[in-house]
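To keep things clear, I will list the structure first and then write my remarks on it.
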Amino acid sequence: MLAKIEQLLQEVKGLTAQNPEELEALRIKYLSKKGAINALMADFRNVPAEQKKEVGMKLNELKNLAQERIAALKETFENQDNSAAELDLTRTAYPIKLGTRHPLTIVRNEIIDIFGRMGFTIADGPEVEDDWHVFSSMNFPADHPARDMQDTFFIETHPDIILRTHTSSVQSRVMEVSQPPIRVICPGRVYRNEAISYRAHCFFHQVEGLYVDKNVSFTDLKQVLLQFAQEMFGPDTKIRLRPSYFPFTEPSAEMDISCDICGGEGCPFCKYTGWVEILGCGMVDPAVLEANGIDSKVYTGYAFGMGVERITNLKYKVKDLRMFSENDTRFLEEFESAN
Ligand SMILES: [Zn+2]
């Protein structure tokens with residue numbers, strides 16, 4: 001029996017297989033229930049008691065060696081198999097990542113939320129507009145420079161049809177079909193014929209607001225804008241209003257907020273003034289109310305308008321306006337956590 005074990009040991013030491021089928025044949029030959037080693041195990045009870053220890057040890061050595069050897073061969077085949085299994089042709093070429101909201105969408109939604117809580121509803125209108133809703137109804141004189149070819153995209157065959165240069169056209173559309181109280185915000189894309197650079201683009205996004213009712217005052221406007229600034233940029237934010245000019249408001253103002261980087265001390269971001277410009281606003285010019293069918297002797301109103309890109313720049317310190325429309329995923333992924 002010892003001789004038989006010794007012979008099998010030598011065989012097992014030299015085991016090789018060319019493919020999994022050969023290996024399986026070897027496994028059956030040595031390790032299956034009817035295999036050579038089991039046959040020896042069955043014979044073991046016939047071994048004389050004084051030899052049992054020596055034979056038992058040899059037999060175990062043989063069994064362990066056969067198991068190790070076959071397991072090792074199996075592993076080499078499995079490694080080859082794995083490399084083939086990884087080539088799953090039904091898989092897409094690379095993992096599909098979930099998209100994120102565009103930074104302008106994130107900020108626009110935030111603006112809508114803030115004004116929504118103050119009772120403003122959303123109004124919408126066409127981006128391709130007529131001259132009346134964009135300019136005439138908004139008190140732009142016939143010779144106003146904004147109507148010039150430099151700023152406005154005209155449709156060649158239809159000089160009266162333009163791409164809206166501001167969302168004030170939506171204010172006009174709301175006023176012409178409704179009577180006060182009117183309290184709306186108009187988010188939307190606008191177009192201007194400007195050279196594209198880091199600080200200007202041929203299209204950008206605005207949110208304009210309009211409130212018309214009896215006894216609406218400049219104080220109401222200031223309070224609403226202060227509330228907005230503090231919700232958007234933090235409770236310590238201060239605002240200041242500087243006199244300005246727009247055709248559709250009288251009086252008109254530009255609003256600044258205290259620089260949130262230096263807290264008003266002065267730094268490169270705010271050009272050492274402590275303030276950064278954020279939006280334009282004013283009391284709706286009575287001529288605009290009248291042009292849109294609202295009695296200016298009974299009602300007053302305020303309006304304001306801001307660029308979503310501008311607010312996003314202030315909030316996230318994006319220096320180049322072009323980043324917003326280039327769809328560079330390295331840039332867009334920075335806003336994952338803001339979603
Ligand atoms: Zn500053």
Side-chain angles (χ1 to χ4, degrees), residues 100-118 120 166-167 185 187 190 192 194-209 218-246 249 251-282 302-326 328 330-339:
T100 60
R101 283 202 178 83
H102 192 280
L104 293 180
T105 307
I106 295 170
V107 170
R108 187 201 59 190
N109 288 351
E110 205 174 336
I111 296 170
I112 290 172
D113 277 354
I114 293 170
F115 284 107
R117 287 196 290 275
M118 291 192 270
F120 287 79
H166 52 192
T167 50
I185 50 168
V190 301
R192 291 192 194 170
E194 288 187 27
I196 296 169
S197 72
Y198 75 96
R199 49 179 302 188
H201 213 296
C202 58
F203 66 85
F204 55 98
H205 301 78
Q206 283 189 330
V207 177
E208 289 195 8
F218 203 94
T219 312
D220 300 326
L221 169 64
K222 193 176 172 185
Q223 194 57 39
V224 160
L225 293 180
L226 175 64
Q227 181 70 24
F228 164 72
Q230 293 186 335
E231 286 206 40
M232 187 56 115
F233 296 100
D236 297 329
T237 308
K238 297 180 187 67
I239 64 168
R240 77 173 180 187
L241 293 157
R242 291 177 286 107
S244 184
Y245 169 78
F246 305 111
T249 45
S252 304
E254 301 264 10
M255 186 174 104
D256 299 335
I257 58 167
S258 50
C259 174
D260 69 334
I261 289 183
C262 62
E265 297 283 303
C267 72
F269 184 74
C270 58
K271 299 191 182 75
Y272 300 99
T273 62
W275 298 95
V276 286
E277 195 182 314
I278 160 171
L279 56 79
C281 60
Y302 63 69
F304 54 85
M306 67 191 83
V308 180
E309 279 83 350
R310 176 76 183 149
I311 307 288
T312 310
N313 284 348
L314 293 178
K315 216 168 155 62
Y316 294 108
K317 312 294 181 275
V318 180
K319 290 213 173 88
D320 191 333
L321 208 55
R322 292 168 294 194
M323 298 294 285
F324 291 126
S325 50
E326 281 173 354
D328 186 330
R330 291 169 299 181
F331 169 69
L332 297 175
E333 279 167 2
E334 290 180 30
F335 297 90
E336 262 175 10
S337 62
N339 268 263

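Note that ligands are numbered from 1 as they come in the structure, with each ligand's atoms numbered from 1 the same way.
The stretch residues 257-280 participates, sequence neighbours left out, in no ring-ring contact (aromatic ring centres under 6.0 Å, His included) pair at all. Within the structure, the salt bridge (Lys or Arg N to Asp or Glu O under 4.0 Å) test picks out the following pairs touching residues 254-272 (sequence neighbours left out): R240-D256, R242-D256, D260-K317.
Protein contacts to the Zn ion (ligand 1) involving N, O or S atoms at a distance below 2.8 Å are C259 SG, C262 SG, C267 SG, C270 SG.
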ring-ring contact (aromatic ring centres under 6.0 Å, His included) assessment of F228 paired with F304:
CA-CA 12 Å; F228 164 72; F304 54 85; 7.5 Å; no

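No more than 12 heavy atoms of other residues, nucleotides or ligands sit less than 6.0 Å from atom CZ of R330.
With sequence neighbours excluded, the residues that form a side-chain hydrogen bond (donor to acceptor under 3.5 Å, both in side chains) with E309 are H205.
Donor-acceptor pairing under 3.5 Å is recorded for the side chains of Q227 and E231.
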